[in-house]
Protein chains: 2
Amino acid sequence: MKTTVGVPLDIVGYLKGMKIKPSLIRVKVLDYLIHKRNHPTADMIFKALAGEIPTLSKTSVYNTLKSFVLAGVAQEIKIENTEVRYDVFTNVHGHFKCTVCGSVEDLKLDAYNITSDDLEGKKITEHHVYVLGFCSNCNKKKNKKNI
Amino acid sequence: MKTTVGVPLDIVGYLKGMKIKPSLIRVKVLDYLIHKRNHPTADMIFKALAGEIPTLSKTSVYNTLKSFVLAGVAQEIKIENTEVRYDVFTNVHGHFKCTVCGSVEDLKLDAYNITSDDLEGKKITEHHVYVLGFCSNCNKKKNKKNI
DNA sequence: GTTATAAATTGTAATGATTACAAAAATGAA
DNA sequence: TTCATTTTTGTAATCATTACAATTTATAAC
Ligand SMILES: [Mn+2]
Ligand SMILES: [Mn+2]
Ligand SMILES: [Zn+2]
Ligand SMILES: [Zn+2]
């Protein structure tokens, strides 16, 4: 499949390949995820698409996201317990969340390994890394205040 | 303060040192956290203590845990978005959660470091690592079935 | 095109952990 | 004791997510 940086250009074809029928809603949601790259909540997606799809229901967004996760098209990112965020990029990477503005960014993990005796006898299916702090913008603002 | 493996033996004294008045509930909750080491939810703590403190309310458990987190006595562990778990050990370590039985265990991180260009300009305040999979017990059971 | 069946979408109600808040009880100094 | 402060409690509210049934849309056979 034709991609740039792991992003499928042909969204309809990509969904078909993943055995998901490319309905309007599903195409729009995937398109949003791919091009915004902002790790949105279901509600953020709903608000963003409600304009172009006036009949859209929030349940449909949830249904769509659930089918994406099931098919391996997207993954759930759980940082706060108050919200689930969604990510189309399923390769291994971590996340950074700004505790001020709430933005979530990707974190390439250059040297990432978990070694632990405590994993003896276990079967690992997923591992997650996330970091909290001040994003560049919010950090700058904070430093100005403290001058 | 006298401790074994980071566990304060004198719970009342420890709470006083952390500027938390050692009420019965607070002592019992901290005692539970320290000696069970099971990363419980607020509800698990409530159910466990309701017997010895018949008047206990769930709100008090939440209040207590909130004050512990504020004072740095405990930390919140967020793996599922359906529950917050609590941990008294605030040194750096990861967690493992079994997707079958739901148990949560500590994960010593022998060689743990996150290096990423993406952290440029940010200020990090917390980092979290967690792993999902089958615990030793559930893994054994699973293997037996597949023989 | 009509009809029949399955799939997708919607609206509303339910769930459940957590929080808000005000009343009641306990504490502790004066 | 008395009064103020802190702690604890019970109940109601919040809010993201799920359950579920009804409606709409898509698909294929006739
Ligand atoms: Mn990501
Ligand atoms: Mn732990
Ligand atoms: Zn920020
Ligand atoms: Zn298990």
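Below, read A as the first sequence line, B as the second, and so on, with proteins coming before strands; counting in each chain starts at 1. This is a predicted model, so every value here is computed, not measured.
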Would you kindly give the [atom1]-to-[atom2] distance between [X] and [N], to the nearest whole Å?
X       : N      : atom1 : atom2 : value
A/Leu65 : D/dT17 : CG    : C1'   : 12 Å
A/Ile25 : D/dA26 : CD1   : P     : 11 Å
B/Leu15 : D/dT7  : CG    : P     : 12 Å
A/Asn63 : D/dC20 : CG    : C1'   : 11 Å
A/Lys78 : D/dA16 : NZ    : P     : 17 Å
A/Lys16 : C/dA7  : NZ    : P     : 18 Å
B/Leu24 : C/dA25 : CG    : P     : 18 Å
A/Ile53 : C/dA8  : CD1   : C1'   : 13 Å

Note to self: As an exercise, state the distance from CD1 of A/Ile34 to OH of A/Tyr14, rounded to the nearest 0.5 Å.
What the structure shows: 7.0 Å
Does the [X] side chain pair with the main chain of [Y], one donor and one acceptor, at a distance under 3.5 Å?
X        : Y        : answer
A/Asp118 : B/Lys108 : yes
A/Thr125 : B/Leu132 : yes
B/Asn139 : A/Gly121 : yes

Check: Above 12 or not: heavy atoms from other molecules or residues under 6.0 Å from NZ of B/Lys78?
Finding: yes
Notebook entry, point to check: Does OP1 or OP2 of D/dT25 have a side-chain N or O of A/Ser23 closer than 4.0 Å?
Noted result: no
Could you go through nucleotides 11-20 of chain C and list every protein N or O atom that sits under 3.5 Å from one of its N or O atoms, giving the distance for each pair?
unit_1: C/dG11; atom_1: O6; unit_2: A/Thr59; atom_2: OG1; d: 3.3
unit_1: C/dT12; atom_1: O4; unit_2: A/Thr59; atom_2: OG1; d: 3.4
unit_1: C/dT18; atom_1: OP1; unit_2: B/Val84; atom_2: N; d: 2.9
unit_1: C/dT18; atom_1: OP2; unit_2: B/Tyr62; atom_2: OH; d: 2.5
unit_1: C/dT18; atom_1: O5'; unit_2: B/Tyr62; atom_2: OH; d: 3.3

Next item on the list: Mind telling me whether B/Tyr130 and A/Tyr130 have parallel, tilted or perpendicular rings, with 30° and 60° as the class edges?
Entry: perpendicular
